[in-house]
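Scroll down for the structure; my scribbles are underneath it.
These numbers come from a predicted model, not from an experiment.
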Amino acid sequence: MVKQPGIGHNRDPNDDIIELAASCRFDPVRWSNVAWDWGHGELSDYDGPRAWQDDINGIIREHLANPETRYEPLQISVASGHGIGKSAEMGMLSNWAMSCWADAKIVTTANTEGQLRTKTAPEIGKWFRMSLTAHWFDVQATTIKSRDPTRSDSWRQDFIPWSEHNTEAFAGLHNKGKIILVLFDEASKIHDKVWEVAEGALTDENTVIIWVVFGNPTRNSGRFRECFRKFKHRWKNRQIDSRTVPGTNKKYLQRLVDDNGEDSDLVKVRVRGQFPAQSAMQFISADDVDKAQKVHLRPGQYSFAPKIIGVDPAWTGDDSLEIVLRQGLYSKSLATIPRNDNDVQVANLIARLEDEHQADAVFVDAGYGTGIVSAGLTMGRTWRLIWFSGKSLDPGYINVRAYIWGQMKLWIKAGGAIDPKDQLLYDDLVGPETVSRLDGKIQLESKEDMKERGLPSPNKGDALALTFAEPVAKKVRHQVHGGNHSPVQIDYDPLA
């Protein structure tokens, strides 16, 4: 509530600040330009916020100005090169929300506790101390609170180092009828589980809800990447080139470009604010999988090849059982079903698909598939168990799983085609990373490690990879008559 000066009394200077804050309630652009002493003291080299910061604040102003959108959650994602001033923008946004909204609630997290404690929180705190409303708030290492002792628990910003094991704070993030601001710093490395919990918690009606995520686009998988791809319809996206921002080291940035090339992954991440074609440890690049989605094949380009079915059984309750067919450069998902411990039912499904497609071979992951193959054996099926941990045919790979993924990677580069509508397969192919080894052998991270990073088990990717487990001979199902000819089997290179 705005205070009004009493008749005959001198106006309290704080009343002017209160009125200004009230007038900026829906306008962070104006607040960021008037709440700091631009051009003086610590800000002597700056005449106001940078253009990209005004742009982000403008998105919020436009959202709040419209009563139709005001109480819909606003989600903004900012991918950038280095040195653009994202911490300063978080500081200005935080101060706007706390100063212009009574009982504001702000939650801020980062990829690590170290980042949060030593960089994010101190930088935001600095902008509070320089603000016109510095005397309104108590700035501490892990919180910023209203100095009103009756409101310190309801009017606050908390810096919380979250992980997949510490998501409880989102569950209590409610502020009905007021404002909630959520800030992610270094979002590319924040666990996917934290994103999921945040998304589910921001549900209050008639509440201003703003979620802004910042980060260098270091990884080509995960939820930050999907803000710009799979979930781009939900987010207001900005990708900011460091060279367009005043105050960045242009000579250093140009040296990176000169040494590595404009389109190199290093320049994309550090300078251009674009996601790399392939993250440092990523096994299959997104560029290669993007190309595989665009391949269009005529039947004549693959019909000569054997049909191979790969089966990857679900290994935990929230995984799915995947069955994939590959014929030469062509691939197709045949079935995705929830985990089913009834091996006979699963075996019957595989047998039906084998007959329907006249498959020449069926390979099943032995980890959870021994019972399925045993059931198939009683039906007269000759399915093959593939042990992922077994010895690789190529000594450059640590085990069979790494080897068959390596063959699949070559297949993709050679023109392999995947369904452009199969987002699950896309995510599975770009998800796995390699493990650094002193002996130089290629090893993929385990499914458990992927889940620790917040990524699902790549069951469909494993099912497709299984089709590369062994060379397959195409069966000739009709006798060739005449002379001494016998039924013919054609040996086939699985990469063809």
Pairwise side chain to side chain donor-acceptor pair (under 3.5 Å) hits with a residue in residues 290-307, at least two apart: Asp290-Tyr426
Pair listing, salt bridge (charged side-chain N to carboxylate O under 4.0 Å, His left out) test, anchored in residues 371-388, at least two apart: Glu354-Arg381, Asp355-Arg381, Arg384-Glu470
Presence of salt bridge, Glu226 and Arg234, under 4.0 angstrom: no
Distance in Å, Ser320 OG paired with Asp312 CG, rounded so as to fall on 0.5 Å steps: 8.5 Å
Distance under 6.0 Å and angle within 45° of ring axis: Lys474 vs Phe304: no
Non-hydrogen side-chain atoms of Val182 and Phe184 separated by less than 4.5 Å: yes
Candidate list Thr434, Val430, Asp265, test side chain to side chain contact (heavy atoms under 4.5 Å, CB included), partner Gln282, passing option: Val430
Ile106 CD1 to Ile124 CD1 distance, which is reported to the nearest 0.5 Å: 8.0 Å
Minimum heavy-atom distance Leu181-Val212, with the two atoms named: CD1-CG2, 4.4 Å
Side chain Asn249, main chain Tyr252, donor-acceptor under 3.5 Å: yes
Asp419 CG to Leu424 CG distance, which is reported to the nearest 0.5 Å: 11.0 Å
Within residues 385-403 or reaching into it, pairs that qualify as salt bridge (charged side-chain N to carboxylate O under 4.0 Å, His left out) - sequence neighbours excluded: Arg401-Asp462
Backbone of Gly273 reached by a side-chain donor or acceptor of Ser80 within 3.5 Å: no
Centroid-centroid under 6.0 Å between Trp235 and Phe228 rings: no
Sidechain-backbone polar pair: Thr109 side chain, Ile160 backbone, donor-acceptor under 3.5 Å: yes
Sidechain-backbone polar pair: His63 side chain, Thr69 backbone, donor-acceptor under 3.5 Å: yes
Close side-chain approach of Ile412 to Ile418, heavy-atom, < 4.5 Å: no
Within the 6.0 Å centroid threshold, strictly below: Trp405 and Tyr397: no
Close side-chain approach of Ile60 and Leu93, heavy atoms under 4.5 Å: yes
Arg225 side chain near Ser188 side chain, heavy-atom distance below 4.5 Å: no
Ring-face cation of Arg326 near Phe468 (centre distance under 6.0 Å, axis angle within 45°): yes
Pair Asp288 + Lys413, salt bridge at N-O below 4.0 Å: yes
Salt bridge (charged side-chain N to carboxylate O under 4.0 Å, His left out) involving Asp263 - partner list, sequence neighbours excluded: Arg272
Exam field: side chain Ser94 to backbone Gly91, donor-acceptor pair closer than 3.5 Å: no
Verdict with reasoning, Phe363 to Val472, per side chain to side chain contact (heavy atoms under 4.5 Å, CB included): CA-CA 11 Å; Phe363 298 130; Val472 174; 3.8 Å; yes
Gap separating the NE2 atom of His82 from the CG atom of Leu256, nearest 0.5 angstrom: 8.5 Å
Main-chain N/O of Pro246 paired with Thr248 side-chain donor or acceptor, under 3.5 Å: no
Criterion side chain to side chain contact (heavy atoms under 4.5 Å, CB included) on Gln358 and Lys475, from CA distance to verdict: CA-CA 9 Å; Gln358 294 190 317; Lys475 297 175 182 177; over 6 Å; no
Point-to-point distance, once rounded to the nearest 0.5 Å, from CG of Leu353 to CG of Leu325: 9.5 Å
Pairwise side-chain contact, Phe388 with Ile404, heavy-atom cut-off 4.5 Å (strictly under): yes
Exam field: side chain Asp428 to backbone Lys460, donor-acceptor pair closer than 3.5 Å: yes
Gln53 side chain vs Arg50 backbone, donor-acceptor pair below 3.5 Å: yes
Residue pair Trp383, Val311: steps toward the side chain to side chain contact (heavy atoms under 4.5 Å, CB included) verdict: CA-CA 10 Å; Trp383 304 335; Val311 181; over 6 Å; no
Residue pair Val295 / Leu329, side-chain heavy-atom distance below 4.5 Å: no
Expected output: side-chain His357 to main-chain Ala359 donor-acceptor under 3.5 Å: no
Minimum heavy-atom distance between Pro49 and Met92, given as atom pair plus value: CG-SD, 4.2 Å
Candidate pair Ile190 and Val213, rule side chain to side chain contact (heavy atoms under 4.5 Å, CB included), full reasoning: CA-CA 10 Å; Ile190 292 178; Val213 299; over 6 Å; no
Check: Met450 and Pro432 side chains under 4.5 Å, non-hydrogen atoms: yes
Residue pairs passing the salt bridge (charged side-chain N to carboxylate O under 4.0 Å, His left out) test where at least one lies in residues 64-92, sequence neighbours excluded: Lys86-Asp185, Lys86-Glu186
Closest contact, heavy atoms only, Gln327 versus Ala305: NE2-O, 2.8 Å
Of all pairs that satisfy salt bridge (charged side-chain N to carboxylate O under 4.0 Å, His left out), the ones with a partner from residues 236-248, not counting sequence neighbours: Asp55-Arg238, Asp241-Arg243, Arg243-Glu262
Cys227 and Trp195, any side-chain heavy atoms less than 4.5 Å apart: yes
Verdict with supporting geometry, Thr218 and Asn216, side-chain hydrogen bond (donor to acceptor under 3.5 Å, both in side chains): CA-CA 6 Å; Thr218 55; Asn216 300 120; over 6 Å; no
From CZ (Phe159) to OG1 (Thr120), nearest 0.5 Å: 8.0 Å
Glu356, CD: over 12 other non-hydrogen atoms inside 6.0 angstrom: yes
